[in-house]
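A quick write-up on the structure given underneath.
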Amino acid sequence: MSFFLSLVGLLAVLLCVVLVVLLAGVQGWLLADVLRHEPDDGWGKLGWAYVVLLTPPWGGALYFFLRRPERLREYGE
């Protein structure tokens, strides 16, 4: 029984590590998308970079679902 509980604990820790690494990768990809493709006019690029960086994962989700489709329609990138 003790072996089973330690195995379950190990699997839970591994799952958490995988989720954190995956989240960090998505945040990095979104930050790179902001820095490479947002237009340089005004504070938009810097503002979205701060939102993505300082409010994970909600800031990245906001950028991905609200701003990115709009930018793709306007600028095509």
Side-chain angles (χ1 to χ4, degrees):
M1 182 73 172
S2 176
F3 174 75
F4 178 73
L5 289 177
S6 65
L7 184 62
V8 169
L10 178 65
L11 289 176
V13 168
L14 286 175
L15 179 64
C16 287
V17 168
V18 167
L19 287 175
V20 166
V21 168
L22 184 65
L23 179 63
V26 168
Q27 288 295 113
W29 172 71
L30 287 170
L31 183 61
D33 188 60
V34 168
L35 295 177
R36 285 192 339 226
H37 298 296
E38 279 295 317
D40 286 332
D41 52 344
W43 288 90
K45 180 185 275 193
L46 184 63
W48 278 112
Y50 279 139
V51 167
V52 169
L53 259 179
L54 299 178
T55 58
W58 308 116
L62 280 173
Y63 174 75
F64 187 79
F65 290 113
L66 295 179
R67 173 60 184 152
R68 191 169 188 268
E70 180 182 329
R71 189 201 76 225
L72 289 173
R73 275 193 305 274
E74 289 177 14
Y75 300 101
E77 269 186 35

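Put simply, Phe65 and Val34 are part of the same group of oily side chains (I, L, V, M, F, W, Y) that touch within less than 4.5 Å, one to the next. By the criterion of side-chain heavy atoms lying less than 4.5 angstrom apart, applied directly or through intervening Ile, Leu, Val, Met, Phe, Trp or Tyr residues, Val8 is not grouped with Leu15; the two fall into different hydrophobic clusters.
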Can you give each donor-acceptor pair under 3.5 Å made by side-chain atoms of residues 47-63, sequence neighbours left out, with the distance rounded to 0.1 Å?
residue: Thr55; atom: OG1; partner: Val51; partner atom: O; Å: 2.5
residue: Thr55; atom: OG1; partner: Gly59; partner atom: N; Å: 3.3
residue: Tyr63; atom: OH; partner: Asp33; partner atom: OD2; Å: 2.9
residue: Tyr63; atom: OH; partner: Glu38; partner atom: OE2; Å: 3.4
residue: Tyr63; atom: OH; partner: Arg71; partner atom: NH1; Å: 2.5

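Without hydrogens or angle criteria, Lys45 side chain to Leu35 main chain gives a donor-acceptor distance under 3.5 Å.
Partners of Glu70 under the salt bridge (charged side-chain N to carboxylate O under 4.0 Å, His left out) rule, at least two apart in sequence or in another chain, are Arg67.
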